[in-house]
**Q** 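Please find one structure pasted underneath; my questions will follow.
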Amino acid sequence: MPAAPLAGSWRLSGRLWPTLRDAPADAEAISHKLMVRAGMVRQLAAGLYTILPLGMKVIERINRIIREEMDAIGAQELMMPVLHPAEIWEQTGRYPLDEQFRLEDRSGRAMVLAMTHEEIITWHAARELRSYRDLPQSWYQIHTKLRDEPRAKGGLLRVREFQMKDSYSFDRDDAGLDASYQAHTIAYRRIFDRCGVEWHRVESDTGMMGGRGAHEYMAPSPAGEDVIARTADGSYAANVELAVSVAHEPDFGPTPPEPVPFDTPGVGAIDELVSLTGLPAARLSKNLCVVTDDGPVLAIVRGEHQVHEKKLAKIIGPNRAAHPDEIERWFGCPPGSIGPIGVEGVRVIADATIATGHYVTGANREGVHLRGAVLGRDFSAETADIREVLEGETSVVDGQPLVLEKVIEVGNIFKLGTRYSEALGATYLGEDGNERPIIMGSYGIGPARIAAAAIEQSSDDAGIVWPKPLAPFDVHLVLIGAPDTEQAQFADRLFSDLTDLGLDVLYDDRASVKPGEKFVEAELLGCPVRLTMGKRTLPDGPIEAQVRASRRAEEIPVDGAAAAVRELWESLP
RNA sequence: CGGGACGUGGCGCAGCUUGGUAGCGCACCUGCUUUGGGAGCAGGGGGUCGUCAGUUCGAAUCUGACCGUCCCGACCA
């Protein structure tokens with residue numbers, strides 16, 4: 001048995017801390033490799049991870065920050081089951097979702113595992129909240145979610161079982177919801193700032209939650225799965241799923257009186273057309289045919305743009321790319337030559353940018369394109385925003401240029417409205433005696449994703465470089481020498497002195513591990529300060545301190561060592 | 001779900017093409033030496049080669065199916 005913990009400090013001997021020299025071959029993400037190597041997590045199966053004691057230290061620190069800030073806005077912690085009767089999910093229509101784990105109990109009752117907790121919290125709210133006097137309320141938990149993800153990936157970044165801080169607000173009216181939403185905005189800002197990660201708050205789609213307004217909290221990282229568009233000062237920031245921008249306007253020159261055909265043998269792709277015509281891609285129209293249950297749809301964007309599939313799907317519903325033989329049937333030509341002019345039986349949706357200018361587009365004849373096609377004159381189309389914004393295009397808010405950035409989603413907030421309260425009968429009696437649905441919001445944070453994002457954002461060749469607030473320990477004290485030596489006695493004393501000063505210390509007192517190995521493992525783990533106590537240190541010091549981030553060596557005097565270490569630690573960013 | 005790759009002691013890998021005694025490094029155990037940057041020497045333990053079926057006198061090696069894991073895409077807080 002290891003020695004009992006001294007506040008948040010640990011003696012290392014006897015503890016489970018399995019580090020690895022090599023990362024498992026199937027780990028790809030930096031955070032995944034380092035978390036496994038640094039003995040924080042182990043994988044059980046795809047998307048299922050055990051968090052080891054050292055990983056728990058980090059998660060505990062994150063959760064503590066979350067609890068403090070949630071409590072500070074008056075949210076109340078509770079805990080709901082992760083095993084739910086299916087009927088409740090049937091009432092909101094979310095029972096059949098593909099991500100839902102479904103099972104039966106021994107009597108054959110249909111059950112589900114908690115994908116999220118809107119249904120259950122609303123079920124409780126329906127029973128406990130009766131009057132306008134009971135509102136507003138905010139309830140939260142830090143608890144398990146289970147999702148049958150089509151593809152777990154990236155280590156801890158996308159998993160099938162994970163802890164989430166989820167909170168839910170209950171208000172009388174929209175103004176109340178706005179206030180609860182604002183309170184969460186404040187709490188979230190404090191949480192992510194205190195965690196020491198870089199983050200952006202962006203406008204987001206409401207996704208499977210439904211509702212009417214949402215933001216996501218995004219930690220920039222190349223390992224991220226989402227992309228955001230934002231201005232340098234954050235005056236505009238949105239997930240590209242709904243980001244808008246002012247497109248570059250090409251010089252169109254005079255508009256031809258009518259479309260003019262020209263030969264483009266064997267040419268279909270936009271870059272081939274650019275070389276052939278010498279025109280910028282923005283003056284070509286890119287025509288994409290997809291198929292919905294209601295038939296074919298032709299989507300048109302400028303040649304430099306990409307159709308954003310989610311934006312398109314919001315307008316036309318689920319769809320797939322058309323097969324070449326289908327295109328041949330509807331347009332009478334191969335995919336490279338299709339265009340909007342003269343087609344029948346095909347719904348045409350043009351991006352709003354197409355409404356100005358004239359374009360080179362397919363003539364619906366193999367090897368022929370047209371110059372000078374004008375929307376409204378030569379063809380008709382619904383216009384909508386269906387393109388993905390491009391880096392360098394400008395903000396619709398203030399004209400600043402937009403940058404695109406890959407990000408990890410670490411939190412989100414949703415204005416749910418009455419979707420769940422109406423479905424589950426969560427109503428209250430107003431002052432005027434009328435029954436109304438409770439107005440709800442829901443708010444999520446993934447603690448393990450914060451940890452993973454922190455590592456993605458901060459590591460070097462030697463290992464993790466923790467932001468101070470998330471480090472499993474503040475100080476990593478390395479003892480060189482046997483337990484019965486003078487330096488060991490001194491290290492023991494320093495260990496308890498540092499702990500008394502409020503620092504969490506990992507005291508590497510293992511007798512059987514060589515100094516070099518201790519140093520390497522300390523850097524792999526990445527606590528902000530490493531102290532070395534060896535024979536050399538005594539009697540007069542100094543004690544060597546290494547600042548992990550800079551790997552700079554500092555000298556700590558033996559007299560008043562603990563206070564000096566505390567001071568060094570405090571001086572770090 | 002589509003495409004690709006890979007499954008050999010705890011981790012990293014070789015062996016497979018050309019079938020014939022299962023190997024290397026690290027880790028682990030014992031002993032001695034060593035103690036400020038993943039120690040040295042000596043000895044030792046641990047593997048149904050993912051599973052099943054087939055071909056063969058004989059399969060880690062060839063064939064097939066299945067399972068698992070990872071990556072890209074689809075999907076997704």
Side-chain angles (χ1 to χ4, degrees), chain A residues 18-29 32-33 36-37 39 42-48 94 97-100 114-118 145-155 157-160 162-167 204-211 214-218 223-226 239 241 290 309-310 313 318-321 407-414 416 442-449 462-463 478-483 485 487-488 508 510-524 530-538 543-544 546 551 553:
Chain A
T19 60
L20 292 177
R21 198 183 285 244
D22 299 303
D26 50 19
E28 184 83 5
H32 186 196
K33 289 180 182 173
V36 174
R37 286 189 57 210
R42 285 296 182 263
Q43 181 172 19
L44 173 66
L48 298 175
R94 294 209 293 179
L97 290 184
D98 290 338
E99 292 76 31
Q100 189 77 266
M115 188 175 71
T116 171
H117 280 87
E118 277 79 12
K145 303 282 179 276
L146 294 125
R147 296 183 187 178
D148 196 357
E149 289 287 344
R151 186 180 157 210
K153 60 183 287 197
L157 290 173
R158 171 152 237 96
V159 292
R160 295 192 290 176
F162 59 102
Q163 300 287 306
M164 181 193 260
K165 187 289 297 177
D166 46 321
S167 48
S204 72
D205 196 14
T206 49
M208 73 172 176
M209 292 299 171
H215 289 84
E216 288 165 331
Y217 290 78
M218 303 297 216
E225 298 182 86
D226 287 293
N239 193 312
E241 290 172 9
V290 299
E309 293 185 13
K310 277 200 177 168
N319 63 85
R320 60 168 173 84
V407 293
I408 298 165
E409 182 186 349
V410 289
N412 52 42
I413 56 179
F414 291 95
L416 294 178
S442 85
Y443 315 87
I445 290 180
R449 273 199 184 174
V478 172
L479 167 65
I480 298 166
T485 56
Q487 62 266 32
D508 191 348
R510 294 172 298 177
S512 57
V513 180
K514 306 286 294 179
E517 194 171 343
K518 290 188 177 188
F519 293 140
V520 169
E521 288 185 340
E523 281 161 26
L524 178 60
R530 188 192 76 202
L531 301 177
T532 305
M533 174 62 59
K535 200 160 53 179
R536 267 191 214 171
T537 314
L538 297 173
I543 300 165
E544 183 199 304
Q546 187 210 50
R551 301 180 83 178

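Reckoned from all heavy atoms, side chains included, excluding hydrogens, waters and symmetry mates. Predicted model, so just to flag it, every value in this text is computed and none were measured.
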**Q** Round to the nearest Å and state the distance from A:His215 atom NE2 to B:A77 atom C1'.
**A** 16 Å

**Q** How many Å lie between NZ on A:Lys518 and C1' on B:A39, as a whole number?
**A** 14 Å

**Q** Which listed nucleotide (B:C11, B:G38, B:A74) is nearest to the side chain of A:Val520?
**A** B:G38

**Q** Is a salt bridge present between A:Arg536 and A:Glu544, judged by a nitrogen-to-oxygen distance below 4.0 Å?
**A** no

**Q** Starting at the 5' end of RNA chain B, which residue's closest nucleotide do you reach first, A:Glu225 or A:Gly534?
**A** A:Gly534

**Q** Which nucleotide in the set B:G38, B:C76, B:C71 lies at the smallest distance from any side-chain heavy atom of A:Glu149?
**A** B:C76

**Q** Could you tell me the Watson-Crick or G-U partner of B:C76, where both distances fall under 3.5 Å? Say none if there is no partner.
**A** none

**Q** Is B:U63 paired to anything, Watson-Crick or G-U wobble with both distances less than 3.5 Å, and if yes, which nucleotide?
**A** B:A53

**Q** How many Å lie between CG on A:Asp22 and C1' on B:A27, as a whole number?
**A** 11 Å

**Q** Over all strands shown, is A:Pro150 touching base, sugar-phosphate only, or nothing at heavy-atom distances under 4.0 angstrom?
**A** base

**Q** Please measure how far the C1' atom in B:G37 lies from the corresponding atom in B:C1, and state the result in whole Å.
**A** 50 Å

**Q** Can you tell me if the side-chain N/O atoms of A:Gln43 get under 4.0 Å from OP1 or OP2 in B:C70?
**A** yes

**Q** Rounded to the nearest angstrom, tell me the gap between atom NZ in A:Lys33 and atom C1' in B:C71.
**A** 12 Å

**Q** Do the side chain of A:Glu517 and the base of B:G37 come within less than 3.5 angstrom through a donor-acceptor pair of N or O atoms?
**A** no

**Q** Quick one: closest heavy-atom pair of A:Ile480 and A:Pro515, and the distance?
**A** CG2-CG, 3.8 Å

**Q** Applying a 3.5 Å limit to both distances, which nucleotide forms a Watson-Crick or G-U wobble pair with B:G43?
**A** B:C29

**Q** Within the 4.0 Å heavy-atom criterion, would you say A:Lys153 contacts the bases, only the backbone, or no part of the nucleic acid?
**A** sugar-phosphate

**Q** Between A:Ile408 and A:Arg449, is a side-chain contact (heavy atoms from CB on, under 4.5 Å) present by the stated rule, with each step listed?
**A** CA-CA 8 Å; A:Ile408 298 165; A:Arg449 273 199 184 174; 4.2 Å; yes

**Q** Is any N or O donor-acceptor pair between the side chain of A:Lys514 and the base of B:U34 shorter than 3.5 Å?
**A** yes

**Q** Report the C-alpha separation of A:Asn319 and A:Glu309 in whole Å, then their side-chain angles, then the decisive distance to 0.1 Å, and conclude whether the side-chain contact (heavy atoms from CB on, under 4.5 Å) test is met.
**A** CA-CA 9 Å; A:Asn319 63 85; A:Glu309 293 185 13; 5.9 Å; no

**Q** Take A:Tyr217 and A:Ile445 through the test side-chain contact (heavy atoms from CB on, under 4.5 Å) and record every step on the way to the result.
**A** CA-CA 9 Å; A:Tyr217 290 78; A:Ile445 290 180; over 6 Å; no

**Q** Suppose you measure atom P in B:U48 against the same atom in B:G3; what distance do you get, rounded to whole Å?
**A** 34 Å

**Q** Measure from the side chain of A:Asp26, starting at C-beta and using heavy atoms only, and say which of B:C70, B:C71, B:U35 lies closest.
**A** B:C70

**Q** Taking NE2 from A:His32 and P from B:C11, how many angstroms apart are they, rounded to a whole number?
**A** 12 Å

**Q** Which residue lies toward the 5' end of RNA chain B, A:Ala152 or A:Glu409, if each is placed at its nearest nucleotide?
**A** A:Ala152

**Q** Would you mind reading off the distance between A:Asp226 atom CG and B:C76 atom P, rounded to a whole angstrom?
**A** 12 Å

**Q** By the 4.0 Å heavy-atom rule, please label A:Arg449 as base, sugar-phosphate, or nothing.
**A** base

**Q** Where the side chain of A:Arg158 is concerned, which of B:U35, B:G38, B:C76 is the nearest nucleotide?
**A** B:C76

**Q** Taking the side chain of A:Phe414 as its heavy atoms from C-beta onward, which of B:G38, B:G12, B:A77 lies nearest to it?
**A** B:A77

**Q** Mind checking if A:Ala27 touches a base, just sugar-phosphate, or nothing, with heavy atoms under 4.0 Å?
**A** nothing

**Q** Grab the CG-P distance between A:Asn239 and B:C76 for me, whole Å please.
**A** 12 Å

**Q** Taking the same atom, P, in B:G19 and in B:C57, what whole-Å distance lies between them?
**A** 15 Å

**Q** Between A:Arg151 and A:Arg158, is the side-chain contact (heavy atoms from CB on, under 4.5 Å) condition met? List the steps.
**A** CA-CA 8 Å; A:Arg151 186 180 157 210; A:Arg158 171 152 237 96; 6.0 Å; no

**Q** Counting distance alone, no hydrogens or angles: does the base of B:G73 have a donor or acceptor under 3.5 Å from a partner atom on the side chain of A:Arg320?
**A** no

**Q** Does B:U69 have a Watson-Crick or wobble partner in any strand here, with both distances under 3.5 angstrom, and which is it?
**A** B:A5

**Q** If you look at every strand shown and take non-hydrogen atoms under 4.0 Å, does A:Ala482 touch a base, only sugar-phosphate, or nothing?
**A** nothing

**Q** At under 4.0 Å between heavy atoms, what does A:Glu216 touch on the DNA or RNA strands: base, sugar-phosphate, or nothing?
**A** nothing

**Q** Using both distances under 3.5 Å as the test, list the Watson-Crick or G-U wobble partner of B:G36, or none.
**A** none

**Q** Looking at B:A22, which nucleotide sits across from it as a Watson-Crick or G-U wobble partner, both distances under 3.5 angstrom, or is there none?
**A** none

**Q** Assess whether one donor atom and one acceptor atom, taken from the side chain of A:Arg147 and the base of B:C76, lie less than 3.5 Å apart.
**A** no

**Q** Less than 4.0 Å between a side-chain N and a carboxylate O, is that true for A:Arg510 and A:Glu521?
**A** yes

**Q** Quickly work out the A:Leu20 CG to B:C13 P distance and round it to whole Å.
**A** 12 Å

**Q** With heavy atoms under 4.0 Å as the rule, sort A:Ser204 into base, sugar-phosphate or nothing.
**A** nothing

**Q** Using modelled atom types only, decide if a donor and an acceptor are shared between the side chain of A:Lys33 and the backbone of A:Asp22 within a distance under 3.5 Å.
**A** no

**Q** Looking at the side chain of A:Ala25, which of B:G12, B:C76, B:G36 is the nearest nucleotide?
**A** B:G12

**Q** Using the P atoms only, state how far B:U63 lies from B:G68, rounded to an integer number of Å.
**A** 22 Å

**Q** Once you apply a heavy-atom cut-off of 4.0 Å, does A:Gly444 come out as touching a base, just sugar-phosphate, or nothing?
**A** nothing

**Q** Indicate yes or no: does A:Arg551 engage A:Glu523 in a salt bridge with an N to O separation below 4.0 Å.
**A** yes

**Q** Side chain of A:Arg151: nearest nucleotide among B:C70, B:A77, B:C71?
**A** B:C71

**Q** Report which part of the nucleic acid A:Phe162 touches: base, sugar-phosphate, or nothing (heavy-atom distance under 4.0 Å, all strands).
**A** base

